[in-house]
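Sequential numbering from 1 along the given sequence is applied to the chain's residues.
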Amino acid sequence: DYSLVKVQCCGILKARTQQSNFVYEEDHDRSKEIMHFLSSRTLESVYWAWQTIVEYYTQRQLTNHADKLSALSGLAQVAIDSHGFDASAYLAGIWRGALIKGLLWHVRGPRPPHRYAEYRAPSWSWASLDGSIKYFAEHNQFCFEEGVVISEAKCEASPLDPTGRVKAGHIILSGAFVAVKVIVLPGCKSMYTGYSGQAGHTHDGQLADVQVSGDDPSYEVLMDERMDYGEFSHGYYSLHVGTTLDLLRYGARVWWLVLK
């Protein structure tokens, strides 16, 4: 049976299902090549370059946070003009052609992230948060199998600046969707160490886990915002977004979004 459930994104987790020694690549000089990649013929290069832009850009502190998408509008237009995209190919800072992978971002320090009181972007967009954003590297370096099917994705933008501010946005999709309990505890020993390009723990002194039931194992999750301590068993879900496969070492990681 299928039903339409309205939710917002609030975190992300990756669960290792088999041992795999992923190799992370961190190139601090790649900013010189970004413009070349945006106008290159390879769409994968465009999507990679855009994630790099988002990572660098969100480290900066803006005077007017409402201009977050507007500030990148010119660069988005470069990619649109170079590849003949329609304006609808760009959805609140994420490209439609890489939308599922584009959901695999997480918050990072040192600034404590938070969502704006006023609407800035849909919760699945990095632009909905004030804080630094980073993308997981694995989905670019290894075979990624999508776990959801998107039937509709739309954003309402100004016709004068279709790659700028948005008034609304939504995604309608189908996939594995399970109710979970979120457990928030004081603690500082996290599996997300931040070493060698890996995702780092953002909320100092606080750990968050998700669990399907009391008999199931729990998994640490990177929540977008700091939460109150306690157990929250109502209104939280996990959505299976996809699986990263390391075909050489027969390893896999499963990606889930935490929804509320």
With a 4.5 Å heavy-atom cut-off, do L222 and V107 have their side chains touching? no
side-chain contact (heavy atoms from CB on, under 4.5 Å) evaluation trace for Y90 with W95: CA-CA 5 Å; Y90 184 74; W95 294 102; 3.8 Å; yes
Looking at Y135 and G102, would you say the former's side chain and the latter's main chain have a donor-acceptor pair under 3.5 Å? yes
Test: side-chain hydrogen bond (donor to acceptor under 3.5 Å, both in side chains). Region: residues 221-230. Which pairs qualify, not counting sequence neighbours? R115-D224
Working to the nearest 0.5 angstrom, can you tell me the gap between Y56 OH and T52 OG1? 6.5 Å
Side chain to side chain donor-acceptor pair (under 3.5 Å) involving S125 - partner list, sequence neighbours excluded: none
Among residues at least two apart in sequence or on other chains, which ones pass side chain to side chain donor-acceptor pair (under 3.5 Å) with S218? D209
Ignoring hydrogens, what is the shortest heavy-atom contact between P122 and G169? Give both atom names and the distance. CB-O, 3.8 Å
State, without any angle test, whether W126 and T58 hold a side-chain donor-acceptor pair at a distance under 3.5 Å. no
Tell me if a side-chain donor or acceptor on W255 pairs with a main-chain N or O of L239 at a distance below 3.5 Å. no
Decide yes or no for L257 and Y237: does some side-chain heavy atom of the first lie under 4.5 Å from some side-chain heavy atom of the second? no
With sequence neighbours left out, what residues match A153 under side-chain contact (heavy atoms from CB on, under 4.5 Å)? L91, R96, L99, I150, I171
Work out which heavy atom in M227 is nearest to a heavy atom in Q206; give both atom names and the distance. O-NE2, 2.6 Å
dist S233:OG -> Q211:CD (nearest 0.5 Å) comes out at 11.0 Å
What residues form a ring-ring contact (aromatic ring centres under 6.0 Å, His included) with H240, not counting sequence neighbours? W256
When the ring planes of H114 and Y116 are compared, do they come out parallel, tilted or perpendicular, using 30° and 60° as the limits? perpendicular
Does the side-chain contact (heavy atoms from CB on, under 4.5 Å) test come out yes or no for F177 and L259, once each step is laid out? CA-CA 10 Å; F177 185 78; L259 310 174; 3.5 Å; yes
Separation between OG of S73 and CG of L160, rounded to the nearest 0.5 Å: 11.0 Å
Tell me, please, which residues at least two apart from S88 pass side chain to side chain donor-acceptor pair (under 3.5 Å). D86
With rounding to the nearest 0.5 Å, note down the distance linking CG in L72 to OG1 in T163. 9.0 Å
Decide side-chain contact (heavy atoms from CB on, under 4.5 Å) for F232 and V184; before the verdict, give the C-alpha distance in whole Å, the side-chain angles of both, and the deciding distance to 0.1 Å. CA-CA 8 Å; F232 306 90; V184 184; 3.9 Å; yes
Under a side-chain separation threshold of 4.5 Å, the hydrophobic residues clustered together with L185 are I183
Taking side chain as C-beta onward, heavy atoms only, is K68 less than 4.5 Å from Y57? yes
Tell me the closest heavy-atom pair linking A121 and V166, and the distance in Å. CA-CG2, 3.9 Å
Residues forming a side chain to side chain donor-acceptor pair (under 3.5 Å) with Q77, sequence neighbours excluded: D81
For P162, the side-chain contact (heavy atoms from CB on, under 4.5 Å) test, sequence neighbours excluded, returns A87
Which atoms form the tightest heavy-atom contact between A79 and V46, and what is the distance? CB-CG1, 4.1 Å
The reported gap from NE2 in H234 to NZ in K260 (rounded to nearest 0.5 angstrom) is 10.0 Å
Between F144 and I100, is the side-chain contact (heavy atoms from CB on, under 4.5 Å) condition met? List the steps. CA-CA 10 Å; F144 180 77; I100 296 177; 4.0 Å; yes
Listing request: all salt bridge (charged side-chain N to carboxylate O under 4.0 Å, His left out) pairs with a residue in residues 171-186, at least two apart in sequence or in separate chains. K181-E231
Rounded to the nearest 0.5 Å, how far does CZ of R120 lie from CG of L129? 12.0 Å
With heavy-atom distances below 4.5 Å as the criterion, would you say the side chains of D67 and R165 are in contact? yes
Side chain to side chain contact (heavy atoms under 4.5 Å, CB included) with P113: which of R108, H203, M223, H106? H203
Please, which pairs that meet side-chain hydrogen bond (donor to acceptor under 3.5 Å, both in side chains) have at least one residue in residues 143-156, sequence neighbours excluded? E152-H170
Could you tell me whether the side chains of S158 and D161 share a donor-acceptor contact shorter than 3.5 Å? no
Check whether any side-chain heavy atom of F85 sits under 4.5 Å from a side-chain heavy atom of S82, and report yes or no. no
Residue list, ring-ring contact (aromatic ring centres under 6.0 Å, His included) with Y236, at least two apart or on another chain: none
